[in-house]
Amino acid sequence: MPQHAPRSFTVQWGSDSVLVSNVEPELPAGTGDADLAKVVAAGRANPVTLLPEAAWRAVGRATTGPDGMAVQLRPTPEEPTGLLMVENVDGATLHSVVTRVHLSELLPGIQPRTGMEVMEVPDPQVQGITDGDRPCAIVRYRYQDLAHLRSHVWQTIHGTLSLNSYAPSILARKVTRNLIAHPVEITFEDGTEPFHALVVRDGITRLASAWAVQAGPDADAAESAGLAVESLFGKHPASPPGPGSAPLGQRLAEGRAKWRRALAEEFAQAMKAEEPGIRAAQIAQTSVLPAQIAVGAEGHPGHLLAAEDIFDDAIRSVLASVHVEFKQWDAAAQNVEVATRALKRVIQLGDSLVPKDDLQVVYGLAVGRIPVEELPTVFATDGGAAPPGTALWRSVYLVHALTRPELLDPLKDQAKAIKGGKRMGLKGFAELLGPLIDLPWRSYKKHVTTQARNAWNNGGVLTSDVIQEWEPRPTDDFTSLVKPALLGDRDARCTLAVAGGVALISDKLLTRNVGSALNAAKEKGGVPFRADVNQVIEDLSQQHNELGLWTLALAANRFRSDALPENAVTMRQLIHKQKTESEAGTPYVHFKVDLASPDQIERDANGVPVMLHQWDVVWASNPDRALKAHPPKPLFVPPQPGPPATGPGVAAGAATPSGAGPAEADDSVAGEGGETGSPGHGGSGPSPTAGLGRPRDAPRPASQRAAEHRYVLRQSVTGARDSLDQLLLLEPEVGNHTPIVPMTVLDELHKLLIGLQTDVENLRRRATQEESAPEDEEAQEELGV
């Protein structure tokens, strides 16, 4: 039996007992300068691994087996490219080393599945790196500053753990499947000196879960993310270097090495115990992870992409294949990935009729690199009007650019190649556009995102006119386009079709028609007849359809990207929770169109505007078809009433409402008076300092102490209500990438609140019984009992 055999023991992880297996008695030592030199020399000698020396040093620092890595990299006569792992993907070949790496040398990279999310901290800009005309297996991440990098890493780990965690499994068996990683050069816009590191592109949940194990069973996602950031970058942002100080990358590397040494000392002490505890298991199972590190990339002959894009596209292709075969991204994440990669390939193809600079602008707009506020500058025309800088106008210009005849077919061809399909119709292409269009309002309208994307899957706004030649007509008032549209202006009609169609789809006033909608009530999303979404929008935008054009124009005018309209949901409380204080009193509603009204808004008999429903939208698209499906019913003429009935009963009945008024008012007043007089009402009540006039050693009456605790109880519950309101207000800003409150916390709060509610109810019942007892005694005395 080996002298230092791995050990297995049981530890307590929260409420569960976990059998921890294969705990090594020692942690791997750090890589010395001599070992680091071996890795750098072997890497620079390999003909297919084109990396800067600083990148090789980052790879060497991370590995726990520098000798084994050097052997894999070293060319031989039989293997000119060494013993590297080889993967052939679409357009490129990747070469990787397989090794074990230190947890503290890995940064979480950009996650493709978050491409369809709105993130609080934006992703860094990504740029490929080349050596001459050959691609290097490295990309450049450009952050705003060091604080942006720290916040981005915290957000990624926190958001990942909020969705999923493998912590108990990793504690028991370590990470068993390789992470996919590669070197990255991290640069900063504010002039902070760059440095090189390793980022994980696949296996971020495993990486984040390892940090969760390090943080312990009682740590939540935020604490685990905080531990990771402090371990990687120190507790405070790196201060500017003084004269003669080491570069930023070296200072950060020394800080991580110091953290590992402290961890090794703590582990050694823990393993001296007869039965190692939870801390020994946490350190042993997570300090080292298996990894597959991409270090070389070769483009295939005749490849479409530019050299700087080959490596990143190849890595994304590997990730896409992994998440199709094993753990699929949802449809929206896949659509974002396919659409953006297809557009990037069309740009690099170089034979598109659209100028390359224009395509780069469209790409920036699609992925969110060009903010909405820059629309007037980016799309300003010589002598023409510039579009307003709004999210809705972003969607108009994005749809217009991506559906030009000269770009539509190449995009579909590349999307088909990426997805591996044989054909792609208009609905299939519209499905790709949905998650790109809703980027600015995705978190604010997340309650109807599923219905909106289903509508895009059903054709969206891609009418037969929109996919032809036309130009957007910028305006601050969409109703100004109705008149030229009625006169046959294609540009005005298509602008209304896209803007109004996007507004109706995003606000759940136009959804994918299904059979059940024909039987549903008007107020519950019913429709008069079935039709594809793009067909409804096409009919609404016809030259002769004045009702449809006004419906589109008014919907576009009232559209807001920071809230949901009251039409979209049945519970008004849901809308009110999403309003900020500045929006109070400004309801967001779409109204039904009445062409006979001066302002084209229909009103009921009391003059109140009538709320728009999906029924009205579909009806406006083709009134003739709607009338055939739902012909007007003949009016029912009631029989002539006889002489009015009279009598004591009738008179008494007529007097009942007026007679009930004073009694109800009296009861109301009495209730208000009783409520006002109750202790602690409205935040008033006994002060926590009550009873200070008594000697300090004298016991205070229980009633005084109870009053103080009532005050604390009321203030605590009120504070909890305020905190919950603030969380609900912050929820749209946080977005979908992480829950505003993790499920584990909600479960714990739910148990506490159920217990509190039970105790309060028990006290209330006792108080009710005590109040009713004297009344019963008085009643008995009156009866002479």
Side-chain angles (χ1 to χ4, degrees), residues 27-28 58-59 61-64 96-114 117 119 121 123-124 139 141 149-184 186 196-217 219-233 252-253 256 259-260 263 281-294 315-316 318-319 322-323 326-327 329 737-738 742:
L27 296 184
V59 174
R61 279 196 306 267
T63 184
T64 61
S96 305
V97 292
V98 179
T99 183
R100 300 172 73 208
V101 295
H102 296 289
L103 170 67
S104 57
E105 290 293 336
L106 295 173
L107 274 62
I110 296 176
Q111 303 179 91
R113 63 182 170 86
T114 62
E117 299 285 354
M119 310 298 288
V121 181
D123 286 339
V139 296
Y141 282 2
L149 169 61
R150 292 169 63 95
S151 298
H152 189 264
V153 171
W154 187 96
Q155 172 183 264
T156 304
I157 294 178
H158 175 260
T160 301
L161 291 176
S162 299
L163 297 174
N164 195 12
S165 176
Y166 305 144
S169 173
I170 291 175
L171 179 66
R173 297 181 292 275
K174 297 187 176 73
V175 175
T176 57
R177 192 156 58 89
N178 288 343
L179 311 177
I180 297 178
H182 63 76
V184 65
I186 296 178
H196 289 74
L198 280 186
V199 298
V200 175
R201 295 296 293 274
D202 181 66
I204 293 178
T205 302
R206 281 165 273 157
L207 176 68
S209 300
W211 282 113
V213 172
Q214 274 284 347
D220 60 13
E223 292 169 323
S224 302
L227 172 64
V229 171
E230 290 179 5
S231 304
L232 293 168
F233 309 112
L252 292 176
R256 295 193 296 271
W259 181 80
R260 288 196 295 273
L263 207 64
Q282 290 173 246
I283 297 173
Q285 303 298 76
T286 60
S287 59
V288 174
L289 309 177
Q292 168 189 330
I293 306 174
I315 284 288
R316 290 171 66 176
V318 170
L319 302 187
V322 168
H323 286 277
F326 299 105
K327 186 176 180 181
W329 295 322
H737 69 280
T738 173

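For this chain, numbers begin at 1 and follow the sequence in order.
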Fill in: From I186 atom CD1 to L149 atom CG, the distance as rounded to the nearest 0.5 Å
5.0 Å
Worksheet entry | I315 CD1 to I180 CD1 distance, which is reported to the nearest 0.5 Å |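 I315 atom CD1 to I180 atom CD1 measures 7.0 Å (nearest 0.5 Å).
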Would you say [X] and [Y] make side-chain contact, with heavy atoms under 4.5 Å?
{"X": "L289", "Y": "L179", "result": "yes"}
{"X": "Y141", "Y": "I110", "result": "yes"}
{"X": "D202", "Y": "Q292", "result": "no"}

Discussion item. Suppose we screen for side chain to side chain donor-acceptor pair (under 3.5 Å). Which residues come up paired with S96, at least two apart in sequence or across chains?
Written reply: none
Worksheet item: Residues in side chain to side chain donor-acceptor pair (under 3.5 Å) with S287, at least two apart?
Response: none
Could you tell me which non-hydrogen atom of [X] sits nearest to which non-hydrogen atom of [Y], and how far apart they are?
{"X": "T286", "Y": "A210", "value": "CG2-O, 3.5 Å"}
{"X": "A221", "Y": "L161", "value": "CB-CB, 3.8 Å"}
{"X": "I170", "Y": "Q285", "value": "O-CB, 3.6 Å"}
{"X": "N178", "Y": "P290", "value": "OD1-CB, 3.2 Å"}
{"X": "A167", "Y": "V213", "value": "O-CG2, 3.4 Å"}

Worksheet entry | Short side-chain to backbone donor-acceptor contact, Q282 and Q214, under 3.5 Å | yes
Worksheet item: Do R206 side-chain atoms and T176 backbone N/O form a donor-acceptor pair below 3.5 Å?
Response: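 No: the side chain of R206 does not pair with the backbone of T176.
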Discussion item. Test: side chain to side chain donor-acceptor pair (under 3.5 Å). Region: residues 223-232. Which pairs qualify, not counting sequence neighbours?
Written reply: S231-W259
Discussion item. My understanding is that only residues two or more places apart in sequence, or in another chain, count here; which of them pass side chain to side chain contact (heavy atoms under 4.5 Å, CB included) with P217?
Written reply: W13
Fill in: A228: side chain to side chain contact (heavy atoms under 4.5 Å, CB included) partners, not counting sequence neighbours
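A228: side chain to side chain contact (heavy atoms under 4.5 Å, CB included) contacts with I157, W211.
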Response to the item:
Exactly one of V200, T156, L232 clears side-chain contact (heavy atoms from CB on, under 4.5 Å) with L107, and that residue is L232
Do any side-chain atoms of residues 97-106 form donor-acceptor pairs under 3.5 angstrom with protein atoms, and if so which ones, sequence neighbours left out?
| residue | atom | partner | partner atom | Å |
| --- | --- | --- | --- | --- |
| T99 | OG1 | T63 | OG1 | 2.7 |
| S104 | OG | R260 | NH1 | 2.8 |
| E105 | OE1 | R256 | NE | 3.3 |
| E105 | OE1 | R256 | NH2 | 3.2 |
| E105 | OE2 | R256 | NE | 3.3 |
| E105 | OE2 | R260 | NH1 | 2.9 |
| E105 | OE2 | R260 | NH2 | 3.4 |

Practice prompt. Just do the side-chain contact (heavy atoms from CB on, under 4.5 Å) check on H182 and V199 with the steps written out, would you?
Written response: CA-CA 6 Å; H182 63 76; V199 298; 3.7 Å; yes
